[in-house]
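Presented below is the structure to which this report refers.
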Amino acid sequence: MLKNIHVTDLKPGMRIVNPGIDGRMRPYLYASERFIDSENTVRQILAQGYREVYVDLALSDSRVAARYSRETERLLHSSAPLAPAVAPGPKSARRRVALKEELRHAARLYDKAVLCARRLMTSASLGALRADLAAEITDELIDSLQRNPDALLCLASMGQQAPYAYAHGVNVAVLMAAFALESGFDRDSVMAHGLAGLFHDFGKAMLPLPMLNARRKLSLTEHKLIRLHPMLAHEFLSTSPGVGEEVVRAALEHHERYDGSGYPRGLSGGEISEIGQLAGMADTYDALSSLRPFQRPVDPHKTLGLMYRMRNKAFEPLLLEKFVRLLGVYPVGSVVELEDGYRGVVSAANPANPAKPSVILVLDPQGKAMRMHEFDLAKDMVAGIARCIPAELSGIDPRLTLGL
């Protein structure tokens, strides 16, 4: 007998089964066949951000369940943060100033970075690279991320009015630099990650612009041309002074895939550098969640769900888990509805417990405006997040709520 239950209702002795439901429909359904032999297993599943499972009661073992202690029950249903499966980086790198304060600065910096990306790609199309200009803007992005990473991550996830070709490089730079900071990397390595994101798609500067902006389905010949851009970037960057090897590899490898299904060389597993794998994750996340000439954006939380279903296929699972933790199951700027009916905007990710970020509540369960107040769902409230809501259907302006 199959039963759908919330993850917090899992107990040792239960057996999780795969109901065969498409992960795109239920991205937060844990569907791996697994016997729950201890409370620690339950905590691991909770820490990964899953909300529901299917269990087979006929295959469950009541004797194991009987040993499930009251103390474990209390811990699972408490609002205390859960220990992460992958430890986040030093907390000193996170939120040194308030989000609202940093957002004002970050918004101006983001616009400046997009203009810089445009200048850089224009120069690249003419065969020149302004490495000094790229380093200067990346340095400013890193400074903002150190003050409060959620500000630029929010801007990168919410979607901007800037042309995709230029905003995409900035977004990937922000994602990769934030990942490096969260992982505790030194400043030089963080800089390399940021530059790798900024430069990863520079091979497209050597391709015809009308083809890149086409609102139609590309021809077979055009598809073959597009797939050349990692090689073109490698050739251009490897001969440009001031560009490190890590940056060059990220550009060459960001379309390689963990199972060997990518291009241009069909690398797999450990053959792909870590920075190349991370560039592929950041590139995929931003490509899916951004408005493009031929595609409407996918909500960021759904994008992460789709990517998580591709672990062990497109993406190395542990690196992907760290990437999801960086953004949180519900990225900053997402409009959410809590289980008790309140609605608000996610204002800070929680790497230690991705399913319980901080939320600024805006509407009460009756849909009436209330005095905005920020809550940390891992500490301040019992109610969890029930669902994400498209901003245009929610009655909430996330940009206004966050102070933009």
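Since we're looking at a predicted model, the values are computed, not measured. When reading the values below, keep in mind they use all heavy atoms of this one structure, side chains included, and skip hydrogens, waters and symmetry mates.
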Notebook entry, point to check: Just by modelled atom types, is the Gly197 backbone N or O under 3.5 Å from a matching donor or acceptor in the His200 side chain?
Noted result: yes
Margin query: Please confirm whether the ring centroid of His254 lies under 6.0 Å from the ring centroid of His229.
Written below: yes
Check: Do any N or O atoms from the side chain of Glu102 and from the backbone of Ala151 form a donor-acceptor pair under 3.5 angstrom?
Finding: no
Item checked: Residues forming a side chain to side chain contact (heavy atoms under 4.5 Å, CB included) with Met307, sequence neighbours excluded -> Met281, Thr284, Tyr285, Thr303, Met310, Phe315, Leu320, Phe323
Note to self: By the salt bridge (charged side-chain N to carboxylate O under 4.0 Å, His left out) test, which pairs, at least two apart or in different chains, include something from residues 272-289?
What the structure shows: none
Check: Is there a side-chain contact between Leu109 and Asp111 (heavy atoms, below 4.5 Å)?
Finding: no
Note to self: Is it the case that the side chain of Ser240 and the backbone of Phe236 share a donor-acceptor pair, with hydrogens and angles ignored and the cut-off at 3.5 Å?
What the structure shows: yes
Exercise answer: donor-acceptor pairs, residues 134-143 side-chain atoms, under 3.5 Å, sequence neighbours excluded:
unit_1	atom_1	unit_2	atom_2	d
Thr138	OG1	Ala134	O	2.7
Asp139	OD1	Arg187	NH2	2.7
Glu140	OE1	Lys112	NZ	3.3
Glu140	OE2	Lys112	NZ	2.7
Asp143	OD1	Arg187	NH1	3.3
Asp143	OD1	Arg187	NH2	3.0

Check: Quick one: do the Arg147 and His105 side chains pair a donor with an acceptor below 3.5 Å?
Finding: yes
Next item on the list: Please list all pairs passing the salt bridge (charged side-chain N to carboxylate O under 4.0 Å, His left out) test where one or both residues lie in residues 230-246, with sequence neighbours left out.
Entry: none
Checklist line | Contacts of Asp186 that satisfy salt bridge (charged side-chain N to carboxylate O under 4.0 Å, His left out) - sequence neighbours left out | finding: none
Check: Among all residues two or more places apart in sequence or in another chain, which pass the salt bridge (charged side-chain N to carboxylate O under 4.0 Å, His left out) test with Arg108?
Finding: none
Next item on the list: For Glu253, enumerate each residue passing the salt bridge (charged side-chain N to carboxylate O under 4.0 Å, His left out) test, keeping only those at least two apart in sequence or located in another chain.
Entry: Arg249, Arg265
Notebook entry, point to check: With ring centroids as reference points, do Phe375 and His373 lie under 6.0 angstrom apart?
Noted result: yes
Notebook entry, point to check: Of all heavy-atom pairs between Arg311 and Ser32, which one has the smallest distance, and what is that distance?
Noted result: NH2-OG, 4.1 Å
Notebook entry, point to check: Once you round to the nearest 0.5 Å, how far does CG of Leu198 lie from SG of Cys116?
Noted result: 6.5 Å
Note to self: Testing the basics here: between Ala349 and Leu326, what is the closest heavy-atom pair and its distance to 0.1 Å?
What the structure shows: CB-O, 3.9 Å
Note to self: If we ignore hydrogens and angles and just use 3.5 Å, is the side chain of Gln366 paired with the main-chain N or O of Lys368 as donor and acceptor?
What the structure shows: no
Item checked: Shortest non-hydrogen contact from Lys100 toward Gly403 -> CE-CA, 4.2 Å
Notebook entry, point to check: Say you draw a straight line from CG of Leu232 to CG of Leu225; how long is it, rounded to the nearest 0.5 Å?
Noted result: 9.0 Å
Item checked: Which residues share a salt bridge (charged side-chain N to carboxylate O under 4.0 Å, His left out) with Arg257, sequence neighbours left out -> none
Notebook entry, point to check: Distance from Leu338 atom CG to Leu377 atom CG, nearest 0.5 Å?
Noted result: 6.0 Å
Note to self: Is the shortest side-chain heavy-atom distance between Pro264 and Leu252 below 4.5 Å?
What the structure shows: yes
Next item on the list: Using atom types as modelled and distance alone, determine if a side-chain donor or acceptor of Glu271 lies under 3.5 Å from a backbone N or O of Ser268.
Entry: yes
Checklist line | Heavy-atom donor-acceptor pair, Asp150 side chain to Ala348 backbone, under 3.5 Å | finding: no
Checklist line | Any residue meeting side chain to side chain contact (heavy atoms under 4.5 Å, CB included) with Thr239, in chain and number order, not counting sequence neighbours | finding: none
Note to self: As a quick check of understanding, evaluate side-chain contact (heavy atoms from CB on, under 4.5 Å) for Asp376 and Lys356, giving each step before the final call.
What the structure shows: CA-CA 7 Å; Asp376 181 344; Lys356 291 192 174 183; 5.7 Å; no
Margin query: Can you confirm whether Val336 sits close enough to Arg343 that some side-chain heavy atom of one is under 4.5 Å from a side-chain heavy atom of the other?
Written below: no
Notebook entry, point to check: Which heavy atom in Ala196 sits nearest to a heavy atom in Met176, and how many Å separate them?
Noted result: CB-CE, 4.0 Å
Next item on the list: Please answer whether the main-chain N or O of Lys204 pairs with a side-chain N or O of Asp201 as donor and acceptor at a distance below 3.5 Å.
Entry: no
Next item on the list: Using the side-chain contact (heavy atoms from CB on, under 4.5 Å) rule, take Arg96 and Asn148 through it: C-alpha gap first, then chi angles, then the decisive distance, then the call.
Entry: CA-CA 6 Å; Arg96 295 196 305 211; Asn148 190 317; over 6 Å; no
Note to self: Could you walk me through whether Asp259 and Asn312 satisfy the side-chain contact (heavy atoms from CB on, under 4.5 Å) test, starting with their C-alpha distance in whole Å, then the side-chain angles of each, then the deciding distance to 0.1 Å, before giving a yes or no?
What the structure shows: CA-CA 7 Å; Asp259 61 0; Asn312 279 318; over 6 Å; no
Notebook entry, point to check: Out of curiosity, Arg227 CZ to Tyr263 OH, how far, rounded to the nearest 0.5 Å?
Noted result: 6.0 Å
Check: What about the rings of His193 and Phe185, do their centers lie closer together than 6.0 Å?
Finding: yes
Check: Any side-chain heavy-atom pair from Leu304 and Lys302 closer than 4.5 angstrom?
Finding: no
Notebook entry, point to check: Do side-chain atoms of Ser290 reach the backbone of Ala287 as a donor and acceptor pair under 3.5 angstrom?
Noted result: no
Check: What pairs with Tyr258 under ring-ring contact (aromatic ring centres under 6.0 Å, His included), at least two apart in sequence or on another chain?
Finding: none
Check: Taking only residues two or more places apart in sequence, or in another chain, which ones meet Ala251 in a side chain to side chain contact (heavy atoms under 4.5 Å, CB included)?
Finding: Ala233, Leu237
Check: Do Tyr110 and Asn171 meet the criterion of a side-chain donor-acceptor pair at a distance under 3.5 Å?
Finding: yes
Note to self: Could you check whether any side-chain heavy atom of Leu129 comes within less than 4.5 Å of a side-chain heavy atom of Phe202, counting everything from C-beta outward?
What the structure shows: yes
Next item on the list: Would you please name every residue forming a side chain to side chain contact (heavy atoms under 4.5 Å, CB included) with Glu374, sequence neighbours left out?
Entry: Ser347, Ser358, Ile360
Note to self: Less than 4.5 Å apart, side chain to side chain, heavy atoms only: is that true for Ile385 and Glu339?
What the structure shows: no
Check: What heavy-atom pair brings Gly242 and Ala131 nearest, and what distance separates the two atoms?
Finding: O-CB, 4.5 Å
Notebook entry, point to check: Atom CD1 in Ile226, atom NE2 in His255: separation rounded to 0.5 Å?
Noted result: 9.0 Å
Note to self: Glu337 vs Tyr342, test: side-chain contact (heavy atoms from CB on, under 4.5 Å). Steps then yes/no.
What the structure shows: CA-CA 6 Å; Glu337 181 175 280; Tyr342 286 87; over 6 Å; no
Item checked: Side chains of Leu402 and Val345 in contact at under 4.5 Å (non-hydrogen atoms) -> yes
Item checked: Distance, nearest 0.5 Å, that separates CG of Leu327 from SG of Cys154 -> 11.5 Å
Check: So do Leu155 and Leu103 actually touch side chain to side chain, heavy atoms under 4.5 Å?
Finding: yes
Notebook entry, point to check: So, the side chain of Glu256 versus the backbone of Leu267: is there a donor-acceptor pair under 3.5 Å, distance only?
Noted result: yes
Check: Just by modelled atom types, is the Gly276 backbone N or O under 3.5 Å from a matching donor or acceptor in the Ser273 side chain?
Finding: yes
